[in-house]
Every structure is written in structure tokens, then in C-alpha cells.
Amino acid sequence: MRRLTMEKLYKWKNKKNRKPLIIRGARQVGKTWLMKEFGRQYFEEVVYISFDNNERLKNVFDLDFDIDRIISALKVEAKKQIIPEKTLLIFDEVQEVPKALTALKYFCENAPEYAIVAAGSLLGVALHEGTSFPVGKVDFLNLYPLNFQEFLLAMGEDGLAELLNGGDYDMISAFSEKYKDLLRKYYYVGGMPEVVRTYIETDDLEEVRALQKQLLVYYANDFSKHAPKETVPRIQMIWNSIPMQLAKENRKFVYGIVREGARAKDFEMAIQWLADCGLIHKSYRVTKPGMPLISYLEMNSFKIYLLDVGLLAAQGNLDARTLLEGDIIFTEFKGALTEQFVAQELAAEEMELYYYSAANSRGEIDFVIQKGMYLIPIEVKAEENLQAKSLRCYCEKYKPEIAIRTSMSNYREQEWMRNVPLYLLTAYLNSM
């Protein structure tokens, strides 16, 4: 399975002033596989150290931060030599030993010749709770579920994946039915690596759904094991409400859907915990499309998306038979799957998520992104919908240089707006 993130890892390896690298991401998005595969491809040797339930290693880092002593101990633990520049040293579940995180500072300052990659599924939670962290002494890389282009590669559709980056919109339009068919599959399967692998190996959508349900149970068990006991029920309520929130096309997250009479302060910690785990994306409302967008966001007005469209489909019990019924899958949840797809595609490109809605109007722009010197409004349509009333009103008021409607229609440019197919959106934005 090819991950585009591998190219970023290769660049990190060859950086002149390389620091230890921390890979952040939710459980089950493929962090461990990526680190090991990176080592296999680009290093002579890989030393994999898991800190999960490893008391010996905890004692190693409790003593002091003498790098020579630590390296000697790791050699004994792994039963391998650790050679600078030739060995990739992997620290997995590093949040289990906070002093191992702190030690990365000393590797950076005193032994930069060692290539170290660290990861932890609940690392965001650990940091939020105040774990000592080597600020400025590490590099970061975020890992998400497979995006649509990676899904195409996994499906053996290398030509279609590469075509998206070429800018030949006529050629892309010629293959639009193929792209739409694969996008339907992606809406159902999603991008969780184990789920994608299962679909490729079995071509069995029922088995795919069973595995997605298992993942949802797995995450729910994580809530109970790792979250503060008093917060667990509220985390579960937030998690369960997300499909309903998106289906209702609310202008913001509505606490009353979670529980009647609920208030923001009752659920703030639960939402933060899910965000720290990488299980949700938050999109904040902006009251004005000004530069920078963060200056105009409303902290109390936001939407929540899951980390993966396939898991959203599983939470909503979307039946596999809808794949055989043409574009009906694109209208399930009143477009929620499509909005979720766009949100996670943008997030995977490290684009901050914002949306716009006027104070006294029903008009809303699903996403507004900051791309270089441009503020780009993006209106999301589930089908081949040529209406863009909200986007037109926005453009008449703010006159953006670039405005996008993304739908299942082929690429075309109009005087005031560009229609970009959903499957082309991030490749198009990256080409700007």
C-alpha cells in the first residue's frame, strides 16, 4: 500500500538540520506500518522499540538523559546494533514513557546523527495533559486515513491517480464515470488502511462494514480505557451525535442534539479529547472572509467531522446496496457524506477548516480556505448540481478572485466561479 506521506519522510531523512520526527495521528491510520516501511526502504537497519507495557524501558529513561547510556540500553533491548545514519530508530507508543519524549531534546542537541521517528496514538492527549515536551527540538508529521488519491493507488488505478495531478481537465472529464464509480466505493470503504486492504483482498462490502463496526467499538473501548472516567459518557454522546449533526445540515454544532438542555461547558472537555486523539476535525465559523481567517473565527460556532468518511457511513448504517443504485449514495444524509469527504481531503492537505455564514441569512459557504494570498470559498454539492445560490451571493458581496463549486459535474470555468469535480478538488488546489 503506497502512502504519499512516504515522500515527506524521505525529505526529512535528507534534511540538513534534521531533528527527531514525531508522527501524529489517530489509532489505526497506519503509523506503525509507515515507520517500519520507511525504515525498510531507506535504511540499512531498523530498530523498533514499543513503549507499551515495557517497564524495562521506562527504567532506562527514568535514570538520566545520557545518550550513550540510552543507546547502549536500546541495543540490548533490540538485540541489534544502532549505527548513526544507517539505522532508523523507531519509538512507538512513546506517550507511555513521557521521559522518552523529553529525551528527544537531548538527541536533537547532542546526537543529531541518530535518525529517530516516534509515534503515539494518544500522544495528543498526553501533551494536552501536560507531558513534558521538547519544544522546538522535534519535527512533526501528521498521518490521516488514505485520501482518495491514495485509495486509487491502493486499488491499482495508478494512471487515474497520476492523471489528477496533470492538469489535463479534458482527459479527466473523459474518465469521469470511472472516477465517480471509485468515489462511490471510497464513500463506503473510506481510508482506514486495514479496511481498504480487506476490501481489495475480498471485494466483500459486508466484510468491510463488519470491520468498520469493529473499529468503532475499538474507539469506544479507548474512551473507557484512556479518557477521564467522568468524561467518558459525554465523549460517547458527542461521538454518536456526529452523523445526526451532519445530516441536519445545521449551521453549527448543536448541543441540544447531543442531550436535551445541554450546554457548551458540559461537553467542551469531551470534544477536546476527541480532537486530541485525532478522531474528529473541527471547522470554525468565520463572520467575515478576511486575511488571516483565524482573526475572524467564532470559537463557539463550529462543525465536527469524523476522521474518515467510511466510518461515518458505518455509523449511519448506510447499506451496501446503495452502491448499486447510482448517485443515491451521494444524497444519503442530505449530502453529509460529501461534506465529510471534502473536510477530510482538505484536512489531509494540512488546510485549516473554516466555513462562512452571514449573521442574518440562511446562506452558507461550506468551506473557506486560505491558500497563499487567496481566500477561496468552496460550495459543496452532492450530485451534478448546477445551482450555487449561496456562492453567488457570497461572490457578489466579497468579490473573491477564486471561487469554487465542487460537485460531480466535470471541470469548467465560468466568469465568476470554477466547477471542480469532487475527486479533483485537492489536486486542483495543490496546483495553484
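Checked by atom type, the side-chain pair Q214/Q212 shows no donor-acceptor distance below 3.5 Å. Checked by atom type, the side-chain pair N317/K213 shows a donor-acceptor distance below 3.5 Å.
We find the CG-NZ distance between D92 and K31 to be 7.5 Å, quoted to the nearest 0.5 Å. Distance check: Y354 OH to L293 CG gives 6.0 Å after rounding to the nearest 0.5 Å. Of the inter-residue distances, the one linking F267 atom CZ with R259 atom CZ reads 4.0 Å to the nearest 0.5 angstrom. Note: L312 CG to L216 CG = 10.0 Å, rounded to the nearest 0.5 Å. One finds the OG atom of S407 at 9.5 Å from the NZ atom of K381 (value rounded to the nearest 0.5 Å). One finds the NZ atom of K397 at 4.0 Å from the OH atom of Y356 (value rounded to the nearest 0.5 Å).
The two residues V309 and L337 come nearest to each other via the heavy atoms CG2-O, 3.7 Å. When all heavy atoms of R209 and G310 are compared, the pair lying nearest together is NH2-O, 4.3 Å. Contact record, Y284 with M299: CE2-O, 3.6 Å, taken as the closest heavy-atom pair. Minimum interatomic distance between L146 and P193 (heavy atoms only, all atoms of both residues): CD1-CG, 3.8 Å. Residue A26 comes nearest to L279 through the heavy atom pair CB-CD2, 4.0 Å, listed as atom of the first residue, atom of the second, then distance. Residue L160 comes nearest to L182 through the heavy atom pair CD1-CD1, 3.7 Å, listed as atom of the first residue, atom of the second, then distance.
In summary, the aromatic rings of F43 and F38 are positioned with their centroids under 6.0 Å apart. In this structure, the ring of F175 has its center no less than 6.0 angstrom from the ring center of Y423.
Here the rule is side-chain hydrogen bond (donor to acceptor under 3.5 Å, both in side chains) with D139, and of R18, K15, K19 only K15 fits it.
For the pair K180 and E177, the salt-bridge criterion is met [side-chain N within less than 4.0 Å of a carboxylate O]. Between E339 and K303 there is a salt bridge, since a side-chain N of the basic residue sits under 4.0 Å from a carboxylate O of the acidic one. Taking the charged nitrogens against the carboxylate oxygens, E349 and K371 have no contact shorter than 4.0 Å, which rules out a salt bridge. Taking a cutoff of 4.0 Å between a charged side-chain nitrogen and a carboxylate oxygen, E37 and R40 qualify as a salt bridge. One finds a salt bridge joining E7 and R2 here, because a Lys/Arg side-chain nitrogen approaches an Asp/Glu carboxylate oxygen to under 4.0 Å. With salt bridges taken as basic N to acidic carboxylate O contacts below 4.0 Å, none links K86 and E45.
No side-chain heavy atom of I304 sits less than 4.5 Å from a side-chain heavy atom of Q245. Counting heavy atoms from C-beta on, the side chains of I404 and F367 never come closer than 4.5 Å. Between L307 and Y144 the shortest side-chain heavy-atom distance does not fall below 4.5 Å. Using a 4.5 Å heavy-atom threshold, the side chains of F151 and K185 count as touching. The shortest distance between side-chain heavy atoms of I376 and M432 falls below 4.5 Å. With contacts defined as side-chain heavy-atom distances shorter than 4.5 Å, the pair L9/I23 qualifies. Y187 places none of its side-chain heavy atoms less than 4.5 Å from the side chain of L318. Considering only heavy atoms from C-beta on, N430 stays 4.5 Å or farther from N165 through its side chain.
In terms of modelled atom types and a separation under 3.5 Å, the side chain of E93 and the main chain of S50 share no donor-acceptor contact. Although no hydrogens or angles enter the test, the distance criterion places a donor-acceptor pair under 3.5 Å between the side chain of T406 and the main chain of V420. The backbone N or O of V380 sits less than 3.5 Å from a side-chain atom of D366, completing a donor-acceptor pair. Of the possible polar contacts, none joining the R24 side chain to the I22 backbone as a donor-acceptor pair under 3.5 Å is found. With N419 contributing its side chain and N410 its backbone, the two residues share a donor-acceptor pair below 3.5 Å. Listed for the Q340 side chain is a donor-acceptor partner under 3.5 Å among the backbone atoms of L306.
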Go through the steps to decide whether E379 and R392 satisfy the test salt bridge (charged side-chain N to carboxylate O under 4.0 Å, His left out), and finish with yes or no. CA-CA 10 Å; E379 186 167 16; R392 184 180 286 276; over 6 Å; no
Criterion side-chain contact (heavy atoms from CB on, under 4.5 Å) on Y179 and L152, from CA distance to verdict: CA-CA 9 Å; Y179 282 118; L152 291 177; 4.1 Å; yes
Might you work through the side-chain contact (heavy atoms from CB on, under 4.5 Å) test for L164 and T426, ending with a clear yes or no? CA-CA 9 Å; L164 292 176; T426 52; over 6 Å; no
Applying side-chain contact (heavy atoms from CB on, under 4.5 Å) to T87 and Y114, what does each step give before you reach the verdict? CA-CA 8 Å; T87 302; Y114 289 102; over 6 Å; no
Walk me through it: do W239 and Q315 pass the test side-chain contact (heavy atoms from CB on, under 4.5 Å)? CA-CA 10 Å; W239 182 252; Q315 269 198 327; 3.2 Å; yes
Could you go step by step and tell me if K178 and E157 meet the salt bridge (charged side-chain N to carboxylate O under 4.0 Å, His left out) rule? CA-CA 10 Å; K178 183 74 171 175; E157 298 288 356; 3.4 Å; yes
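Ring geometry, Y428 versus Y411: the interplanar angle falls from 30° to 60°, so the pair is classed tilted. In this pair, F91 and F107 present their aromatic rings perpendicular. The plane angle is above 60°, beyond the 30 to 60° band.
Heavy-atom contacts from other residues, nucleotides or ligands closer than 6.0 Å to CD of E352 number 12 or fewer. Heavy-atom contacts from other residues, nucleotides or ligands closer than 6.0 Å to CG of N300 number 12 or fewer. At most 12 non-hydrogen atoms from other residues, nucleotides or ligands lie less than 6.0 angstrom from CD of E260. Summarising the local packing, NZ of K11 is surrounded by 12 or fewer heavy atoms from other residues, nucleotides or ligands at distances under 6.0 Å. More than 12 heavy atoms of other shown residues, nucleotides or ligands fall within 6.0 angstrom of atom CD in E396. Atom NZ of K13 has more than 12 neighbouring heavy atoms from other residues, nucleotides or ligands inside a 6.0 Å radius. The neighbour count for I402 CD1, taken as heavy atoms of other residues, nucleotides or ligands under 6.0 Å away, is above 12.
Residues passing the ring-ring contact (aromatic ring centres under 6.0 Å, His included) test with Y106, sequence neighbours excluded: F65. Annotation: salt bridge (Lys or Arg N to Asp or Glu O under 4.0 Å) contacts of E194 (sequence neighbours excluded): none.
Both the sub-6.0 Å distance and the 45° axial angle are satisfied by K282 relative to the ring of F302. Remark: R285 fails to qualify as a cation-pi partner of F253 under the 6.0 Å distance and 45° angle criteria applied to the six-membered ring.
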